[in-house]
Q: 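One structure is given below, represented as structure tokens, and several questions about it will come after.
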There are 2 protein chains.
Amino acid sequence: MSDLLGGEARVTTRRAQTRDKLMTAAVTVFADRGIIGAPVEEICEAAGFTRGAFYSNFPDKDALVLELIRHEVEIQYTAAERAVEVMKVAASAGRSAEEMVDVALRAFDAGGRSGREWILTQQELRLYAAREPGVRAQYLSFDRECAKQFSTLIADAVSHAGREFTVPFEDAISLLRATHNEVQMEALFGHGEVDSHRLRVLLLAITRPATQSGH
Amino acid sequence: MSDLLGGEARVTTRRAQTRDKLMTAAVTVFADRGIIGAPVEEICEAAGFTRGAFYSNFPDKDALVLELIRHEVEIQYTAAERAVEVMKVAASAGRSAEEMVDVALRAFDAGGRSGREWILTQQELRLYAAREPGVRAQYLSFDRECAKQFSTLIADAVSHAGREFTVPFEDAISLLRATHNEVQMEALFGHGEVDSHRLRVLLLAITRPATQSGH
DNA sequence: TGTATCCGATACATTACTGTATTGAATACA
DNA sequence: TGTATTCAATACAGTAATGTATCGGATACA
């Protein structure tokens with residue numbers, strides 16, 4: 001009972017690892033069978049455990065789903081941050097708007113989750129949250145937080161690119177999100193690759209070179 | 001065995017009615033529990049039957065889902081057709097581009113399926129098709145057909161509005177679809193109403209008054 | 001009205017999944 | 001090294017869902 005490091009349990013590291021493996025495996029199974037259709041047993045099997053491990057770590061599937069959402073938001077956000085960094089560099093190097101957009105999107109996809117499994121799971125999560133009241137609230141609060149941070153990043157990015165929006169900012173964000181989503185779905189039905197072309201077209205259509213003195 | 005009306009069965013009308021009731025009920029249950037999570041029994045219960053009726057009409061749930069997709073595409077298309085009709089009238093009456101878009105979108109939502117249940121089910125169908133190989137092919141062929149018809153309608157609508165796209169046509173269609181989708185999802189999380197505002201913004205951003213002599 | 005046929009209801013067998021209670025091996029600390 | 005504790009494995013009910021085989025009331029046609 002040595003509480004030297006705060007209330008945290010003792011063995012923790014093994015536990016943390018199995019939690020992690022379970023969550024990773026869950027994504028695979030979710031993509032394959034859907035969140036609702038994914039039996040706990042199959043998740044465990046994919047992670048190399050039995051159901052005992054699962055119920056020792058999570059009260060039920062919903063708990064794991066919530067954890068997954070939390071984790072996902074983090075990943076996406078850091079990916080976005082990196083993308084903006086990359087873009088700023090491109091801006092300093094005097095790249096064209098097209099090139100900057102392209103470079104940023106590429107960086108985002110590389111850092112985030114653009115594989116088939118993740119796309120499917122993200123869509124699943126969204127629908128699941130829309131349906132299950134228990135998950136919905138959490139999802140929304142995460143989503144809102146995420147959107148806020150994204151907005152900042154995008155505003156930053158656009159101004160660094162020496163451009164400005166020709167539509168209200170909030171609408172711009174929504175359109176970007178919509179298109180990103182659609183591009184992901186198209187990748188799901190087409191043969192694989194996420195194609196950033198359409199996002200570029202949209203961005204160029206709803207921005208113009210800044211009239212301000214800046215840059 | 002009177003084959004007067006072609007190979008069709010005798011009692012047919014009762015059968016057709018129960019099929020219809022089952023499909024309608026399925027949408028409600030799908031929205032509530034997800035396609036995978038929807039037990040056949042619950043669908044039957046909602047339709048006022050027992051499982052016997054179901055298995056007498058469909059070999060399994062997938063068959064019903066396919067039927068649903070087929071049906072849905074039809075509905076959406078006629079809704080789109082009507083929307084364009086309405087818009088043409090507005091165009092003849094010399095309305096502004098904003099007004100025309102607004103009127104058309106309103107007509108589309110009224111004729112199509114803009115209720116919570118239908119939005120959820122449409123999203124479910126899309127994901128389900130992306131995952132289940134058996135359904136996927138069918139979905140894609142329907143979807144392609146639908147997209148083709150939509151493209152014609154939209155091109156028609158835009159030119160009647162005395163406008164032209166500022167981005168490649170194919171991209172425009174995709175962006176519109178993306179945004180329509182997003183608007184629906186937002187309605188799911190917000191409190192109800194589908195808001196056409198964003199679609200209007202997009203349309204105005206990617207079109208301009210036609211330079212041609214026409215009109 | 002009688003009779004063949006249709007179609008949904010009922011009953012049954014089987015499988016899949018969940019969740020809990022208990023056990024036993026691995027791990028941390030004295 | 002011995003001992004307490006943690007954590008996943010195993011075992012056990014219990015429930016839910018599927019699909020099939022059979023039955024019986026309704027419908028069409030003579």
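Within every chain, numbering begins at 1; the chains are lettered A, B, ... in the order of the sequence lines, protein sequences first and strands thereafter. Every value quoted in this text rests on a predicted model; they were computed, and no experiment measured them.
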Q: B:Leu22 CG to C:dC7 P: how many Å, rounded?
A: 14 Å
Q: If I take atom CD in residue B:Glu41 and atom P in nucleotide C:dA9, what distance separates them, rounded to the nearest angstrom?
A: 11 Å
Q: For the side chain of B:Arg14, counting heavy atoms from C-beta on, which of D:dA17, C:dT18, D:dG25 is nearest?
A: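 Nearest nucleotide to the side chain: D:dG25.
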Q: Base, sugar-phosphate, or nothing for B:Tyr55, non-hydrogen atoms under 4.0 angstrom?
A: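 The answer is base, as B:Tyr55 lies within the cut-off (heavy atoms under 4.0 Å) of a base atom.
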Q: Taking the nucleotide of DNA chain C with the nearest heavy atom to each, does A:Pro59 or B:Phe54 sit closer to the 5' end?
A: B:Phe54
Q: Tell me: CD of A:Glu45 to C1' of C:dA16, nearest whole Å?
A: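 Distance, rounded to whole Å: 13 Å.
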Q: Which class fits the ring pair B:Phe189 and A:Tyr139: parallel under 30°, tilted 30 to 60°, perpendicular over 60°?
A: parallel
Q: Ignoring backbone atoms, establish whether A:Arg15 has a side-chain N or O less than 4.0 Å from OP1 or OP2 of D:dT5.
A: no
Q: Nearest-Å distance, CZ (B:Phe58) to P (C:dG8)?
A: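 Value for this atom pair: 10 Å.
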Q: Below 4.0 angstrom, N of the basic side chain to O of the carboxylate: do B:Arg126 and A:Glu186 qualify?
A: no
Q: With a 4.0 Å limit, can you tell me whether B:Asn57 has a side-chain N or O closer than that to the phosphate oxygens OP1/OP2 of C:dG8?
A: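 Indeed, a polar side-chain atom of B:Asn57 lies that close.
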Q: Is the phosphate of C:dA9, meaning OP1 or OP2, less than 4.0 Å from a side-chain N or O of B:Thr50?
A: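 For C:dA9, OP1/OP2 do have a side-chain N/O of B:Thr50 under 4.0 Å.
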Q: Would one find a side-chain N or O of A:Ser56 under 4.0 angstrom from OP1 or OP2 of D:dT6?
A: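 Indeed not, no polar side-chain atom of A:Ser56 lies that close.
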Q: Quick one: B:Ile36 CD1 to C:dA16 C1', roughly how many Å, whole number?
A: 15 Å
Q: One thing to verify: whether B:Arg113 and B:Glu72 come together as a salt bridge, which I'm taking to mean a side-chain N less than 4.0 angstrom from a carboxylate O.
A: yes
Q: I want to verify a distance call: between C:dG8, C:dG19, D:dT18, whose nearest atom is closest to the A:Asp60 side chain?
A: C:dG19
Q: Should the pair A:Glu85-A:Arg82 be classified as a salt bridge under the 4.0 Å nitrogen-to-oxygen rule?
A: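 A:Arg82 and A:Glu85: not salt-bridged.
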Q: Is the shortest distance from a Lys or Arg side-chain nitrogen in A:Arg33 or A:Glu42 to a carboxylate oxygen in the other one below 4.0 Å?
A: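 Between A:Glu42 and A:Arg33 there is a salt bridge, with a charged N closer than 4.0 Å to a carboxylate O.
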Q: Using whole Å, report how far CZ of A:Arg19 lies from C1' of D:dT6.
A: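 Spelled out: CZ on A:Arg19 to C1' on D:dT6 is 15 Å.
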Q: Determine: side-chain N/O of B:Arg51 to OP1/OP2 of D:dA16, distance under 4.0 Å, yes or no.
A: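 No, B:Arg51 has no side-chain N/O under 4.0 Å of OP1/OP2 on D:dA16.
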Q: Please report, rounded to the nearest Å, how far the C1' atom of C:dC6 is from the CD atom of B:Gln17.
A: 15 Å
